[in-house]
Amino acid sequence: MMNSGMHLLNTLDMSREQIEQLIESALRFKHGDDSSKPLASKSVALVFFNPSLRTRASMQVGIYELGGNAVVLEPGGTSWTLEHREGAVMDADKTEHIAEFVRVLERYCVAIGVRTFAALKDWPEERTDPILNAFARYASVPIINLESAMHHPCQSLADMLTIREKLGAGRKRVVLTWAWHPKALPMAVPNSFALAAAQMGHDVVIAHPSGYELDEELLDTSRQLATAAGGNLDVTNDFDNAFSAAEVIYAKSWGAKQFYGDTDQDIAARAPYRNQWIVDEARMSRTNSAIFMHCLPVRRNVIVTDGVIDSASSVVIDEAENRLHLQKAIMAKLL
Ligand code: CP
């Protein structure tokens, strides 16, 4: 089903049919048509290198509802600091290697979920998802990506479910837009959203200021997948025009690849976009009655105005709820 047949690291290897099956399964869980307990008497580890509300709570609740038990670990907090590099001489601050961490944990748990954000320090290295891939390399149980440097598949699959629920099946004009934010943020959510929307055959428009391009290889792949699925993918620097005819506005801020290692430069470069690249009522009025989506957490009146996020077009809470149902579908399929 998923990457290498066992893990869910991203949606790159998933066919549209497989995504559709997950959406259908999630809807069965959501509507009470599936109350199976595939995790009865089993435990799933959830490893969080970074903070979370939705992912952590929805995974814990989902595991419980599938009959299982969640073991939540925070390396450097409630568990030891972790080294991921092969051949590392561990004479600095890292206490345990992922090799032992994973091999011990899988004696207790049937799967391991991992959240490990980009550090925004070294683009060529971080774009390869080194920590997530170290988990996958040592594991003989499924690894579920709970947001890595490059991908957030649980979010993007839940987003596809939300679009299906709100707008029905078929090709939609889906706009992923950058927005100003006071900090440089990782690219996992925009990468995964663009990729999954392309895989679903939507007409995807990615709007961002010059200098904030997503990963070239990921864009090329997404474009090919969109075309193969009967849609297309365009990139524009024209924020206002991107709203025309949109059926979905998906807002998210992200950092520039060129400024990984020097986020102060990114903050300076984005300064002109403050109060410019924000989703507001005037822009939403130019759309084709678009729904407003954001993965959350979101900064109100920075990324999106109160008027938009509190309006009837905002689906952000349903979107967050769908994380639960979609992740249950993923775990039921993987396990
Ligand atoms: N959207 C999302 O992943 O939220 P959390 O960071 O709160 O888990």
Side-chain angles (χ1 to χ4, degrees), residues 8-11 22 26 30 44-65 70-78 111-120 126 129 131-132 135 143-163 165-166 174 176-179 181-197 214 248-255 279 291-300 302-304 309 314-331:
L8 175 60
L9 306 184
N10 53 59
T11 65
L22 279 179
K30 184 168 186 172
V44 175
L46 303 175
V47 183
F48 283 91
F49 288 84
N50 310 98
S52 166
L53 165 63
R54 281 144 289 272
T55 305
R56 181 174 174 148
S58 60
M59 285 297 290
Q60 282 193 262
V61 171
I63 291 163
Y64 170 77
E65 290 183 1
V71 178
V72 182
L73 298 164
E74 294 156 332
T78 54
I112 303 173
V114 184
R115 163 160 289 197
T116 173
F117 285 170
L120 304 175
E126 291 178 40
D129 265 338
I131 298 177
L132 180 73
F135 274 85
I143 298 296
I144 302 172
N145 182 356
L146 302 179
E147 187 172 351
S148 64
M150 283 294 280
H151 293 278
H152 196 355
C154 294
Q155 180 68 55
S156 64
L157 291 166
D159 293 337
M160 295 308 113
L161 164 60
T162 306
I163 293 172
E165 266 190 318
K166 300 295 176 186
V174 172
L176 165 65
T177 182
W178 186 89
H181 186 286
K183 292 163 81 173
L185 300 177
M187 290 185 210
V189 168
N191 283 344
S192 286
F193 181 80
L195 175 62
L214 294 177
V248 175
I249 296 293
Y250 195 102
K252 184 74 183 80
S253 193
W254 62 85
V279 179
I291 55 171
F292 173 77
M293 300 181 71
H294 190 283
C295 62
L296 305 181
V298 69
R299 294 194 183 215
R300 282 172 171 255
V302 169
I303 299 280
V304 57
I309 197 167
S314 172
V315 300
V316 296
I317 305 301
D318 293 335
E319 187 182 351
E321 181 194 332
N322 281 339
R323 294 289 305 277
L324 168 65
H325 310 300
L326 201 288
Q327 288 157 193
K328 284 172 72 177
I330 289 171
M331 288 188 280

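Numbering of ligands and ligand atoms starts at 1, following listing order. Below, each value reflects all heavy atoms present in this structure, side chains not excepted, and no hydrogens, waters or symmetry copies. Note that the coordinates shown come from a computational prediction; the quantities given were computed from them, not determined experimentally. One-based numbering along the sequence shown.
Annotation: the span from Glu126 atom CD to Leu120 atom CG amounts to 6.0 Å, rounded to 0.5 Å.
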task = Give the intermediate values and the outcome of side chain to side chain donor-acceptor pair (under 3.5 Å) for residues Gln327 and Ser58.
result = CA-CA 8 Å; Gln327 288 157 193; Ser58 60; 2.9 Å; yes
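The nearest heavy-atom contact from the protein to atom 7 (O) of ligand 1 is Leu53 N, 2.7 Å.
Using cut-offs of 30° and 60° on the angle between ring planes, the pair Trp178 and Trp254 is perpendicular.
Of the polar atoms of Arg56, none of the N or O atoms is found under 3.5 Å from an N or O of ligand 1, judged by distance alone.
Of the options Thr55, Leu326, Asn145, Ile330, a side chain to side chain contact (heavy atoms under 4.5 Å, CB included) to Cys154 is made by Ile330 and by none of the others.
Annotation for ligand 1: atoms under 4.0 Å from non-hydrogen atoms of Arg323 are 1 (N), 2 (C), 3 (O). Each of the atoms 1 (N) of ligand 1 lies under 4.0 Å from some heavy atom of Cys295.
The closest heavy-atom contact to atom 6 (O) of ligand 1, among the options Arg54, Arg115, Glu147, comes from Arg115. Checking Leu296, Val189, Val298, Thr55 against atom 1 (N) of ligand 1, the nearest heavy atom belongs to Leu296.
Checking side-chain atoms of Arg323 against main-chain N and O of Arg54 turns up no donor-acceptor pair under 3.5 Å.
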